[in-house]
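Order of the sequence lines fixes the chain letters, A, B, ..., with proteins taken first and strands second; residue numbering starts at 1 for each chain.
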Amino acid sequence: MRQHDRRVVVTGLGTVNPLGLDVESSWAAARAGVSGVDRITAFDPSNTATKIAAEVGDFDPLEYLEHKEARRLDRYTQFFVAATSQALDDAGLDYRGDDRAAAGVGAVVGAGLGGMHSFIEGLDTLRERGAARVNPLTITKLIPNMAAGYASIAFNLQGPTNCTVTACAASANAIGDAAEMIRRGIVDVMVAGGSEAVIVEFAVAAFNSSKALSTRNDEPTRASRPFDAGRDGFVMGEGAATLILEEREHAVARRARIYAEVSGYGMSSDAYHVTLPRPGGAGQARAMEMALKDAGLQGSDIDYINAHGTSTAANDRTETSAIKIALGEQAAAGVAISSTKSMTGHLLGGAGALEAMMSVLAIRDGIAPPTINHDDPDPECDLDYVPNVERSMTIRHAMSNSFGFGGHNVALIFSAPGDRPH
Amino acid sequence: MERAEIEAKFTQLLVSELGLDEAKINPEARFEEDLEVDSLGVVELLMALEDEFDVTIPDEEAENLATVRQAVELVVAKLAG
């Protein structure tokens, strides 16, 4: 077990996602088992096999940005600015106008694909109107690091900033990497999170071609059904979540509210296939085991797992096996597992951060949110997935799993303040 | 096209394309110092002008544009020529 003198806690949360435009409304919807999935409105889906997604409705970037700024940013960066504005407010931190303090604050932000809306717009312009008409802001809007870059500009974060792009594990990596920077003593405060906004015809078509998406178009709210026998792929979501991470003594000294501790971070690679997980789950299990070791915990200490749980045939089966390997059969049988993707859809690069947020709130309120649409259990997915109804329970340690195309596996562990062993 | 009409359309473009505050726009306003239009914004503006007025503005002519009046003059000259 690694010993850390410097411990990392979560002191602020923010989000915009298909369930809500702030933390508490999103959490209330998740607890109530509300689906954010509906027919796609971002484009006319008549030509794509999948016609449903979990969109962020009614988002107005002008609540967070001047018109002049908003039009220079892709939707995914607008989402992240909104989530981060909320999270910094929640933490009671503001570095604008304080360059000395700002030097000690950084950001690590995950994105899977980056500014896909802007990329497609630019490409359409090139094809329809020629090279000379391509907008000069196209590049700065589409690059996947702009959420991190613009957060630093908008909120005056002058410490280390970085971008993780490990597909659907991206923002779990962002949180883990940001926590590591605090542990190492580089900074005391980090903005960590992720964002994605790729509900565009091109991306839906491409994910359809790779057979990853659900085509249960007639029953949108029932389409994302992780661990259910009738699952037929994931449902694309969009949105962002931000966690403010802070060195514990720093947080205590300023009497900040502490939601939870970031107690464990594990990573591994399947070294197997571009999309499919390594069968049997050994790769995913190693990430979970590394996180347990990092936190100084046993498998039986984990009360709740927010699963990657995508609702694809391969993931949910493999993740179930991996949890059994990592926690041990007995502990795996006793742990409450849920996939909030059953409600939010899959935020891809934003998923890890949103699910970290859900895990932190699960600890705060002693509530495991449900896995909705769990009607007909898959015999190969035989653990406790908190089917359909939230569960009130004591949660001292929660694990959040995220796995990305390319074979990236990440597990984070959050612990109730004061509940992690030294 | 009348000069007044060109000026009005130009102001409209500054508001719609660059998100500028209409109250700050006047003939003597300087793009960089008064309107806070950066280099990317100038490129955007030129592209919008070319579209709106169906003219071509070569880079070397665009380089010297500092004020709203100068840009309007250039468009007037292009349309006359």
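- Within the 4.5 angstrom heavy-atom criterion, no atom of A:Ala70 approaches chain B.
- To the nearest 0.5 angstrom, A:Arg129 atom CZ is 7.5 Å from B:Met47 atom CE.
- For the options B:Leu20, B:Asp21, B:Asp38, heavy-atom pairs under 4.5 Å to chain A are most numerous at B:Asp38.
- Both the backbone and the side chain of A:Arg133 come within contact range of chain B, judged by heavy atoms closer than 4.5 Å.
- When each of A:His67, A:Glu66, A:Glu69 is scored by its heavy-atom pairs under 4.5 Å with chain B, the top score falls to A:His67.
- In the displayed structure, B:Lys24 atom NZ is contacted under 6.0 Å by at most 12 heavy atoms of other residues, nucleotides or ligands.
- Remark: B:Gln70 CD is packed, more than 12 non-hydrogen atoms of other residues, nucleotides or ligands lying under 6.0 Å away.
- Counting heavy atoms of neighbouring residues, nucleotides and ligands inside a 6.0 Å radius, atom CD of B:Glu5 exceeds 12 of them.
- Proximity to chain A is limited to the backbone of B:Val15, based on heavy atoms less than 4.5 angstrom apart.
- Taking a 6.0 Å sphere around CZ of A:Phe202, one finds it holds 12 or fewer heavy atoms contributed by other residues, nucleotides or ligands.
- Residue-environment remark: CD (B:Glu33) exceeds the threshold of 12 foreign heavy atoms within 6.0 Å.
- Within a 6.0 Å radius of CG in A:Asp99, other residues, nucleotides and ligands contribute more than 12 heavy atoms.
- For B:Ser16, the part lying near chain A is the backbone, with the side chain staying farther off; criterion is any non-hydrogen pair under 4.5 Å.
- The two residues B:Leu18 and A:Arg71 come nearest to each other via the heavy atoms CA-NH1, 4.0 Å.
- When every heavy atom of B:Glu44 is checked against every heavy atom of A:Arg72, the shortest pair comes out as OE1-NH2, 3.9 Å.
- Counting heavy atoms of neighbouring residues, nucleotides and ligands inside a 6.0 Å radius, atom OH of A:Tyr64 exceeds 12 of them.
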